[in-house]
Enquirer: 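Pasting a structure below so you can have a look.
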Amino acid sequence: MSASRTALQDTGTEDAGVLESRLTRLSREEFAREVWSRTALLTRGASDFSDLFSAAAVDELVSRRGLRTPFLRVAKDGSTLPEASFTSPAGAGAAIADQLDDTALWRAFADGATLVLQALHRTWEPVAGLVSALGTELGHPVQANAYATPPDNRGFDAHYDVHDVFVLQIEGTKRWTVHEPVLPDPLRDQPWTGHRAAVAEAAAHGTPHLDTVLRAGDVLYLPRGWLHSAEARGEVSVHLTLGVHAWTRHSLAEQLARAALAALGEDPAARRALPLGAEGLGEELDLVRTRLLAAVAEADPEPLFHRARRSQARPAPLGPLAQLTALRALGPRSPVRLRKALEPRWEGTRLVTRVGWLDFAEADLAPVARLLDGRIRTAGELGLERAERLLRAGVLVPADR
């Protein structure tokens with residue numbers, strides 16, 4: 001397969017996932033086999049993104065939503081502006097000193113600065129829905145930023161990210177220059193600033209892997225580590241970046257090491273003090289190495305790994321008032337469903353989710369397990385007591401048929 005793929009046909013269906021229907025025209029299996037974490041992918045005319053975001057949405061967020069830092073960064077010519085230059089007090093009735101100042105932002109934008117709306121999956125519902133669906137499909141945490149750049153300007157110099165990205169061009173056009181990595185597959189604690197000279201050299205003198213202009217509806221996928229820079233053309237450019245924080249073999253090794261160390265904490269021999277003066281250190285190291293290797297061989301990192309995965313994203317929104325209304329009106333015919341993006345998992349008779357855990361009796365397991373397919377059920381099918389308990393826990397939510 002070519003490293004750059006252009007897709008012109010519209011083949012999305014209701015059954016297709018986000019990858020196929022909106023981002024790449026590839027099925028999850030094709031994307032995993034041919035692209036994921038391997039190479040850049042350009043998809044022309046992937047989707048109409050007007051339902052997700054727009055220039056008007058940028059104005060709405062910065063001028064009317066009362067956002068505070070760090071929900072916004074401002075960058076110009078490769079540098080980030082100080083927060084004090086675009087924030088101000090909120091005024092009477094709100095003791096908040098760092099809300100966005102729309103006048104200051106207008107002046108910075110008119111002067112060529114890029115506005116970077118961060119964690120957009122927490123502040124703009126259409127984007128939140130896409131991020132949740134994509135994270136579920138990929139099995140890796142996803143977050144979203146938006147970049148609004150004035151004509152003929154750029155926000156950042158050539159750099160790489162420590163997460164994979166999908167770039168969705170929303171409005172305007174932007175020229176992207178992409179180079180292959182100087183450090184393949186960087187970890188989260190290996191940012192581009194630690195390889196600044198190599199990045200600058202590759203960007204200045206290396207042959208670009210891709211030099212192209214993105215137009216509204218185009219999508220560019222870049223694995224972590226791929227160098228990139230972008231510059232708006234003769235009009236305002238707005239694009240979304242979906243950042244995929246990939247779990248790695250190193251992540252799994254971290255969880256394995258933690259599980260092994262926890263097991264060694266239960267080993268009396270491993271807890272014993274070293275000799276005075278640390279004499280015979282070689283023998284002690286041999287003993288510790290032997291016991292550590294045995295602990296690694298027997299350790300089960302899976303619970304820790306899934307706990308870490310659950311902590312990296314949030315479940316679907318829950319309205320406290322609507323939840324209480326549903327609870328008070330609960331009856332046998334009340335429609336309910338599993339709250340989305342909970343990452344539910346059975347550990348024995350314990351149901352573990354992103355909002356905590358619940359223990360169940362053996363008799364409860366089958367009816368509760370039926371909820372995990374996400375389909376709408378009635379409280380009567382589940383049992384009113386079970387339904388009430390799960391609604392109170394924020395695991396179930398009311399559903400419309």
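We number each residue from 1, following the sequence as shown.
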Enquirer: Establish, yes or no, whether the cationic atom of R196 lies under 6.0 Å from the six-membered ring centre of W192 and within 45° of the ring axis.
Expert: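 Judged by the rule (NZ or CZ under 6.0 Å from the ring centre, within 45° of its axis), R196 counts as positioned above W192.
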
Enquirer: Using atom types as modelled and distance alone, determine if a side-chain donor or acceptor of Q323 lies under 3.5 Å from a backbone N or O of L396.
Expert: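 Yes.
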
Enquirer: How long is the straight-line distance from OH of Y160 back to CH2 of W226, given to the nearest 0.5 Å?
Expert: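 Going from the CH2 atom of W226 to the OH atom of Y160 covers 15.0 Å.
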
Enquirer: Looking at H228, H179, H195, which one forms a ring-ring contact (aromatic ring centres under 6.0 Å, His included) with H159?
Expert: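 That would be H228; it is the only one of H228, H179, H195 passing the ring-ring contact (aromatic ring centres under 6.0 Å, His included) with H159.
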
Enquirer: Given 3.5 Å as the limit, does a donor-acceptor pair link the side chain of W124 with the main chain of L52, or not?
Expert: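 Pair found, side chain donor or acceptor close to backbone of L52.
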
Enquirer: Given side-chain contact (heavy atoms from CB on, under 4.5 Å), test L120 with V131 step by step and report yes or no.
Expert: CA-CA 9 Å; L120 204 62; V131 164; over 6 Å; no

Enquirer: Would a distance-only check, ignoring hydrogens and angles, find a side-chain to backbone donor-acceptor pair under 3.5 Å from R333 to G380?
Expert: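 Judged by distance alone, no pair lies under 3.5 Å.
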
Enquirer: Less than 4.0 angstrom from a charged side-chain N to a carboxylate O is my criterion; do R65 and E60 meet it?
Expert: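 Yes, charged N to carboxylate O under 4.0 Å.
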
Enquirer: Can you measure from CG (L220) to OG1 (T212) and round to the nearest 0.5 angstrom?
Expert: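 These two atoms lie 8.5 Å from each other.
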
Enquirer: Does T69 reach the main-chain N or O of L72 with its side chain, forming a donor-acceptor pair under 3.5 Å?
Expert: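 Not at all, since once roles are kept as given, no pair shorter than 3.5 Å links the two residues.
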
Enquirer: Scan T87, V58, V62 and name whichever one has a side chain to side chain contact (heavy atoms under 4.5 Å, CB included) with L105.
Expert: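 Going through T87, V58, V62 one by one, the side chain to side chain contact (heavy atoms under 4.5 Å, CB included) with L105 is satisfied by V62 alone.
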
Enquirer: Can the positive tip of R154 be found less than 6.0 Å from the middle of the six-membered ring of W176, inside 45° of the ring normal?
Expert: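 Judged by the rule (NZ or CZ under 6.0 Å from the ring centre, within 45° of its axis), R154 is not positioned above W176.
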
Enquirer: Any chance you could measure D157, atom CG, to D77, atom CG, to the nearest 0.5 Å?
Expert: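 Answer rounded to 0.5 Å: 8.0 Å.
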
Enquirer: Does a side-chain heavy-atom distance below 4.5 Å link E20 with L26?
Expert: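 The answer is no; the side chains never approach within 4.5 Å.
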
Enquirer: If you look at every heavy atom in P301 and A259, which pair is closest and at what distance?
Expert: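 Answer, listing the atom of P301 first, then A259: CA-CB, 4.2 Å.
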
Enquirer: Please tell me whether Q118 and R73 have a donor and an acceptor in their side chains that are separated by less than 3.5 angstrom.
Expert: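 Yes, because at least one side-chain N or O of Q118 sits under 3.5 Å from a partner of the opposite role on R73.
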
Enquirer: Verify, without hydrogens or angle tests, whether R188 (side chain) and H245 (backbone) share a donor-acceptor contact under 3.5 angstrom.
Expert: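 Confirmed, R188 side chain pairs with H245 backbone.
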
Enquirer: Measure the shortest side-chain to side-chain distance between S237 and Q169 over non-hydrogen atoms and say whether it is less than 4.5 angstrom.
Expert: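 In contact.
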
Enquirer: Taking all non-hydrogen atoms of both residues, which atom of A363 and which atom of R386 are closest, and how far apart?
Expert: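 What the structure gives for the nearest pair is O-NH2, 3.7 Å.
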
Enquirer: Taking all heavy atoms of T149 and all of A232, pick out the closest pair and write down the distance.
Expert: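 Here T149 and A232 meet closest at CG2-CB, 3.8 Å.
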
Enquirer: Under the side-chain hydrogen bond (donor to acceptor under 3.5 Å, both in side chains) rule, collect the residues that match up with S50, sequence neighbours excluded.
Expert: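 With sequence neighbours excluded, S50 shows a side-chain hydrogen bond (donor to acceptor under 3.5 Å, both in side chains) to D48, given in chain and number order.
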
Enquirer: Tell me whether S132 contacts the main-chain N or O of A128 through its side chain, where contact means a donor paired with an acceptor under 3.5 Å.
Expert: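 A pair under 3.5 Å: no.
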
Enquirer: Drop me the distance from D286's CG to R291's CZ, to the nearest 0.5 angstrom.
Expert: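 Here the interatomic distance stands at 13.0 Å.
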
Enquirer: How far apart are the closest heavy atoms of I376 and P335, and which atoms are they?
Expert: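 So the minimum-distance heavy-atom pair works out to CG2-CB, 3.9 Å.
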
Enquirer: If the threshold is 4.0 Å, N to carboxylate O, is there a salt bridge linking R392 and E388?
Expert: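 Result for this pair is yes, salt bridge flagged.
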
Enquirer: Given 3.5 Å as the limit, does a donor-acceptor pair link the side chain of S251 with the main chain of W247, or not?
Expert: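 No, S251 side chain to W247 backbone: no donor-acceptor pair under 3.5 Å.
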
Enquirer: Do T177 and E231 have a side chain donor and acceptor closer than 3.5 Å?
Expert: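 No.
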
Enquirer: List for me each residue that meets side-chain contact (heavy atoms from CB on, under 4.5 Å) alongside D300, sequence neighbours excluded, and say none if there are none.
Expert: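 Scan of D300 (side-chain contact (heavy atoms from CB on, under 4.5 Å), adjacent residues dropped) gives E302, P303.
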
Enquirer: Should we say atom CZ of R271 is surrounded by more than 12 heavy atoms from elsewhere, each under 6.0 Å from it?
Expert: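 It does: R271 CZ has more than 12 such atoms within range.
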
Enquirer: For R38, look at atom CZ and say whether over 12 heavy atoms of other residues, nucleotides or ligands are found less than 6.0 Å away.
Expert: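 Yes.
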
Enquirer: Report yes or no: does E381 contribute a side-chain atom to a donor-acceptor pair with the main-chain N or O of T378 at less than 3.5 Å?
Expert: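 Pair found, side chain donor or acceptor close to backbone of T378.
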
Enquirer: What are the two closest non-hydrogen atoms of R370 and R377, and how far apart are they?
Expert: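 Minimum heavy-atom contact is O-NH2, 3.1 Å.
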
Enquirer: A side-chain contact here means heavy atoms from C-beta on lying under 4.5 Å apart; do L242 and L130 qualify?
Expert: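 A side-chain contact under 4.5 Å exists here.
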
Enquirer: Is a donor on one side and an acceptor on the other found under 3.5 Å between the side chain of S27 and the backbone of E30?
Expert: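 Confirmed, S27 side chain pairs with E30 backbone.
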
Enquirer: Does R224 come within less than 4.0 Å of D161, counting only side-chain N to carboxylate O?
Expert: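 Salt bridge between R224 and D161, a charged N being under 4.0 Å from a carboxylate O: no.
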
Enquirer: How many angstroms lie between CG in L134 and CG in L19, if you round to the nearest 0.5 Å?
Expert: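 Those atoms lie 6.0 Å apart.
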
Enquirer: Under 4.5 Å between any side-chain heavy atoms of L61 and L67, yes or no?
Expert: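 In contact.
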
Enquirer: Answer yes when R215 and D218 have at least one side-chain N-carboxylate O distance shorter than 4.0 Å, and no when they do not.
Expert: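 Not counted as a salt bridge, because no side-chain N and carboxylate O are separated by less than 4.0 Å.
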
Enquirer: Can you check whether D185 reaches S37 side chain to side chain, under 4.5 Å on heavy atoms?
Expert: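 They are in side-chain contact.
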
Enquirer: Answer yes when D152 and R175 have at least one side-chain N-carboxylate O distance shorter than 4.0 Å, and no when they do not.
Expert: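 Salt bridge absent between D152 and R175.
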
Enquirer: Is a donor on one side and an acceptor on the other found under 3.5 Å between the side chain of E235 and the backbone of G172?
Expert: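 No; zero donor-acceptor contacts below 3.5 Å.
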
Enquirer: Using side-chain contact (heavy atoms from CB on, under 4.5 Å), reason through E180 and T39 one step at a time and then give a plain yes or no.
Expert: CA-CA 9 Å; E180 294 188 12; T39 189; over 6 Å; no

Enquirer: Would you give the length of the straight line joining atom CG of D59 to atom OG of S63, rounded to the nearest 0.5 angstrom?
Expert: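 With rounding to 0.5 Å, CG (D59) is 6.0 Å from OG (S63).
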
Enquirer: More than 12 heavy atoms of other residues, nucleotides or ligands under 6.0 Å from CG of L285: yes or no?
Expert: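 Buried by this count: over 12 neighbours within 6.0 Å.
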
Enquirer: Does the side chain of E171 reach to within under 4.5 Å of the side chain of V236, using non-hydrogen atoms?
Expert: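 Of all side-chain heavy-atom pairs linking V236 with E171, none is under 4.5 Å.
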
Enquirer: Verify the neighbour count for atom CZ of R233: are there more than 12 heavy atoms of other residues, nucleotides or ligands below 6.0 Å?
Expert: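 Not buried by this count: 12 neighbours or fewer within 6.0 Å.
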
Enquirer: Do Q143 and N145 meet the criterion of a side-chain donor-acceptor pair at a distance under 3.5 Å?
Expert: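 Present: a donor and an acceptor within the cut-off.
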
Enquirer: Set out, in order, the CA-CA distance, both residues' side-chain angles and the distance that settles ring-ring contact (aromatic ring centres under 6.0 Å, His included) for F31 and F166, then state yes or no.
Expert: CA-CA 13 Å; F31 182 79; F166 289 91; 5.8 Å; yes

Enquirer: Would you check, one step at a time, whether the test side-chain contact (heavy atoms from CB on, under 4.5 Å) holds for V74 with T80?
Expert: CA-CA 6 Å; V74 180; T80 301; over 6 Å; no

Enquirer: Between P186 and G225, what is the shortest heavy-atom contact and its length?
Expert: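 Taking P186 first and G225 second, the nearest heavy atoms are CD-CA, 3.5 Å.
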
Enquirer: Start with the C-alpha gap between L240 and F49, add the side-chain angles, then the distance that decides, and say whether side-chain contact (heavy atoms from CB on, under 4.5 Å) holds.
Expert: CA-CA 10 Å; L240 285 176; F49 297 122; over 6 Å; no

Enquirer: Mark yes or no: R389 above the aromatic ring of F360, with NZ or CZ under 6.0 Å from the six-membered ring centre and no more than 45 degrees from the axis.
Expert: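 So R389 does make the cation-pi contact.
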
